[in-house]
Peer 1: 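Input: one structure, supplied below.
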Amino acid sequence: SKGIVSKSEIDFEVFADDYINLLEEHNLKKVNVVGHSTGGLIMALAVLKRPDLFCSCVFLDSVGPKGITPPVPLEQLLSHFNTMSEDKDYCREVMASTIDSVDKASMAFQNLFDITWGCDKVMWTGVIENLCTKIDITDRIGEIDLPTLILHGERDFVLPLSLIHI
């Protein structure tokens, strides 16, 4: 997420191309890939573009093929993410509340938080806005012809389970 300066630069198709380029640069083929959350959507787009690079895929609490349906009005959700981007303590608490039985003092959580907090601030609202308004690959998702496993937790508060049934 380094270097993105405007929401218009947030494009999941480009993110998928970046992923494909990374695999090609390292001469990786027939990889088993796991996509978590938004990474699941990016993984799906990459697999659709270049299935020859992949062996199997796992969707782990992934965003669905239609992005997300905000649980509150979009403006309210964007305001919340903007607050998270500006208030480190608030952000830490929100992140911790989304992970069942998390130890906020653990190195694993702190590393995850530090990576998230280090994202360019435009990403905080830009990704959410794009996931709510600019993505729908429902008509293409069935083209994935690889062994696929979909794992989705019962306590996912952002994405209702009904949205990832394909």
Side-chain angles (χ1 to χ4, degrees), residues 1-23 33-51 53-54 57-88 90-100 112-113 115-146 148-166:
S1 73
K2 299 297 179 194
I4 293 179
V5 295
S6 75
K7 289 180 188 180
S8 65
E9 294 179 76
I10 297 172
D11 183 328
F12 296 108
E13 296 280 351
V14 172
F15 294 165
D17 290 339
D18 289 344
Y19 187 67
I20 289 167
N21 291 336
L22 178 71
L23 295 176
V33 63
V34 176
H36 174 255
S37 190
T38 305
L41 178 62
I42 295 166
M43 174 189 68
L45 291 167
V47 168
L48 287 165
K49 289 176 179 223
R50 290 291 308 278
L53 293 175
F54 301 92
C57 49
V58 176
F59 291 88
L60 178 60
D61 282 335
S62 180
V63 168
K66 291 184 178 183
I68 62 173
T69 302
V72 296
L74 182 57
E75 296 75 26
Q76 185 179 347
L77 185 64
L78 294 175
S79 175
H80 171 70
F81 274 84
N82 189 54
T83 301
M84 286 177 63
S85 77
E86 296 171 351
D87 185 332
K88 196 170 190 176
Y90 178 73
C91 181
R92 183 179 286 109
E93 292 302 316
V94 170
M95 283 184 64
S97 74
T98 67
I99 304 170
D100 191 37
L112 174 66
F113 176 76
I115 290 167
T116 304
W117 184 255
C119 289
D120 286 334
K121 298 308 176 195
V122 72
M123 292 291 287
W124 286 85
T125 56
V127 167
I128 295 299
E129 187 172 349
N130 276 276
L131 286 173
C132 292
T133 63
K134 296 184 179 177
I135 194 76
D136 186 353
I137 62 167
T138 306
D139 60 333
R140 298 168 50 201
I141 198 77
E143 297 170 23
I144 293 179
D145 190 25
L146 297 172
T148 301
L149 177 63
I150 300 172
L151 300 171
H152 193 81
E154 292 179 11
R155 296 185 184 189
D156 193 324
F157 298 113
V158 176
L159 177 66
L161 183 59
S162 62
L163 289 182
I164 85 160
H165 287 284
I166 302 169

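Bear in mind that the values here come from a model prediction, so they are computed numbers and not experimental data.
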Peer 1: Could you tell me which residues satisfy salt bridge (Lys or Arg N to Asp or Glu O under 4.0 Å) with D17, sequence neighbours excluded, listed by chain and number?
Peer 2: K49
Peer 1: Enter the distance from M84:CE to R92:CZ here, rounded to the nearest 0.5 Å.
Peer 2: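 M84 CE to R92 CZ: 11.5 Å, rounded to 0.5 Å.
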Peer 1: Looking at side-chain heavy atoms only, is the closest gap between L23 and F54 below 4.5 Å?
Peer 2: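 They are in contact (side-chain heavy atoms under 4.5 Å apart), so the answer is yes.
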Peer 1: Rounded to the nearest 0.5 Å, what separates atom CD1 in I68 from atom OG1 in T133?
Peer 2: 10.0 Å
Peer 1: Which heavy atom in C91 sits nearest to a heavy atom in W117, and how many Å separate them?
Peer 2: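 Heavy-atom minimum between the residues: CB-CZ3, 3.9 Å.
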Peer 1: So how far is it from F81 CZ to T125 OG1, rounded to the nearest 0.5 Å?
Peer 2: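 Separation between the atoms: 9.5 Å.
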Peer 1: Please round to the nearest 0.5 Å and tell me the distance separating atom CG of N82 and atom CG of D87.
Peer 2: 11.0 Å
Peer 1: Evaluate the side-chain proximity of N130 to I135: yes if any heavy-atom separation is below 4.5 Å, no if none is.
Peer 2: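 In short, these two side chains do not touch, never coming nearer than 4.5 Å.
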Peer 1: Less than 4.5 Å apart, any side-chain heavy atom of Y90 and any of H80?
Peer 2: yes
Peer 1: Which residues pass the ring pair (Phe, Tyr, Trp, His ring centres under 6.0 Å) test with F12, sequence neighbours left out?
Peer 2: F15
Peer 1: Considering residues at least two apart in sequence or located in another chain, which fulfil the side-chain contact (heavy atoms from CB on, under 4.5 Å) criterion with L149?
Peer 2: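 V58, L151.
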Peer 1: Would you please name every residue forming a side-chain hydrogen bond (donor to acceptor under 3.5 Å, both in side chains) with D11, sequence neighbours left out?
Peer 2: none
Peer 1: Which atom pairs, donor and acceptor, lie under 3.5 Å between side-chain atoms of residues 138-146 and protein residues at least two apart or in another chain?
Peer 2:
unit_1: T138; atom_1: OG1; unit_2: D136; atom_2: OD1; d: 2.5
unit_1: R140; atom_1: NH1; unit_2: E13; atom_2: OE2; d: 3.1

Peer 1: Any side-chain heavy-atom pair from K134 and I10 closer than 4.5 angstrom?
Peer 2: no
Peer 1: What side-chain donor-acceptor pairs closer than 3.5 Å can you find for residues 33-47, not counting sequence neighbours?
Peer 2:
none

Peer 1: Is any side-chain heavy atom of D18 closer than 4.5 Å to one of V14?
Peer 2: yes
